[in-house]
Amino acid sequence: NTPEPEPVDPLEQISAIAVTLPGFNPVPGTALHWHRERVWVDDPEGRFQRRADVLQRALEDEFERKGYRWVASDEEANYDVLAVVILGELKDHEEMQEFFGLYPALSKPAAGYGLGTILVAITAAGTSDVVWRGALEVYTDPDKMPVAQRDQRLRWAAVKLLESIPTLP
C-alpha cells in the first residue's frame, strides 16, 4: 500500500519564469528607477491600491537585499523597472503576453481560487531594451485571507519572482 501524497495547498504553488538577456550586467552600486507606477490591471476603482503598494515595496526590498539601490531620477539610473499585476488569466491580456513574452502556467485550476500574475521587466535606463523579465503566476484568495497573511504572501511572491536576479557583492 502506497500512502496517498499529501495535498499541496494551492496558495503554496507557483509557476515562475525568468529570462536574462545580454545587456544585464549589474555591478555593485547598480541603480534602479521605476519606469512608471506599477500597473494593477483591471482595477479601475483602485480597490487593490494598498496591495499594489505592498507589492511594490516588497519588490524594492528584495532588490535592495540583493545589493541594488533605488534612485528618484531616471538620469541617475542604470536600469528602469516596470511591474504589472494581473488578476485573472494572463491569456486574457494579449498585449502583456506580447510585451513580456513569458507564459507561466500553473498545472491545473484549484477549486475556489483565482489566478494572479506578477510581471516585471528591467530595461536599460531610458530605453525600451528589455534585459531581464520575469513572470510569476499564483493562485489567489483575495477576499478570504487576513491582511497580514496576504501582505506576507506578496513579499514571498517578490522573493520568488526575483530569485534569478544576481546578488551583488
So, for [X] and [Y], which heavy atoms are closest and what is the spacing to 0.1 Å?
X: L21; Y: V130; result: CD1-O, 3.2 Å
X: A83; Y: V120; result: CB-CG2, 4.2 Å
X: A157; Y: I118; result: CB-CD1, 3.8 Å
X: V138; Y: R153; result: CB-NH2, 3.7 Å
X: A58; Y: L154; result: CB-O, 4.1 Å
X: A18; Y: W132; result: CB-CZ2, 3.7 Å

Just wondering, more than 12 heavy atoms not from E95 lying within 6.0 Å of its CD?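 For E95, atom CD is crowded (more than 12 foreign heavy atoms under 6.0 Å).
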What's the separation between atom [atom1] in [X] and atom [atom2] in [Y], rounded to the nearest 0.5 Å?
X: I17; Y: F100; atom1: CD1; atom2: CZ; answer: 12.5 Å
X: L32; Y: D74; atom1: CG; atom2: CG; answer: 12.5 Å
X: D80; Y: L82; atom1: CG; atom2: CG; answer: 9.5 Å
X: L161; Y: L59; atom1: CG; atom2: CG; answer: 6.5 Å
X: K66; Y: T30; atom1: NZ; atom2: OG1; answer: 13.0 Å
X: Y68; Y: E64; atom1: OH; atom2: CD; answer: 12.5 Å

Among pairs that include at least one residue of residues 160-169, which meet salt bridge (Lys or Arg N to Asp or Glu O under 4.0 Å), considering only residues two or more places apart or in two chains?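 Output for this query lists K160-E163.
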Are [X] and [Y] packed together at the side-chain level, in the sense that at least one heavy-atom pair is separated by less than 4.5 angstrom?
X: R69; Y: V71; answer: yes
X: L115; Y: E137; answer: yes
X: V81; Y: H35; answer: no

Step-by-step side-chain contact (heavy atoms from CB on, under 4.5 Å) determination, Y139 to L106: CA-CA 8 Å; Y139 291 114; L106 289 161; 3.6 Å; yes
With sequence neighbours left out, which residue pairs that include part of residues 112-130 fulfil the side-chain hydrogen bond (donor to acceptor under 3.5 Å, both in side chains) condition?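 side-chain hydrogen bond (donor to acceptor under 3.5 Å, both in side chains) check on residues 112-130 returns no pairs.
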Is there a donor-acceptor pair under 3.5 Å between the side chain of [X] and the backbone N or O of [Y]?
X: S15; Y: A105; answer: yes
X: H33; Y: A72; answer: yes
X: N78; Y: A124; answer: no
X: R133; Y: V19; answer: no

Those residues that, when tested against D151, pass side-chain hydrogen bond (donor to acceptor under 3.5 Å, both in side chains) (two or more places apart):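 Scan of D151 (side-chain hydrogen bond (donor to acceptor under 3.5 Å, both in side chains), adjacent residues dropped) gives R50.
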Please walk me through it: do R150 and V147 pass side-chain contact (heavy atoms from CB on, under 4.5 Å)? CA-CA 5 Å; R150 187 171 50 234; V147 171; 3.3 Å; yes
Is any side-chain N of the basic residue among R57 and E62 closer than 4.0 Å to the acidic one's carboxylate O?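 Between E62 and R57 there is no salt bridge, as every charged N stays at least 4.0 Å from the carboxylate O atoms.
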What class does the angle between the rings of W70 and F63 fall in, given that below 30° is parallel, 30 to 60° is tilted and above 60° is perpendicular?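 Plane angle over 60°, so perpendicular.
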Run the numbers on F99 and V84 for side-chain contact (heavy atoms from CB on, under 4.5 Å), then give the verdict. CA-CA 11 Å; F99 177 78; V84 176; over 6 Å; no
Would L168 and F24 show up in the same hydrophobic cluster when neighbours are defined by side-chain heavy atoms closer than 4.5 Å?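 Cluster IDs for L168 and F24 match.
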When you look at I122 and I165, which way does the side-chain contact (heavy atoms from CB on, under 4.5 Å) test go after all the steps? CA-CA 10 Å; I122 300 174; I165 294 285; 3.7 Å; yes
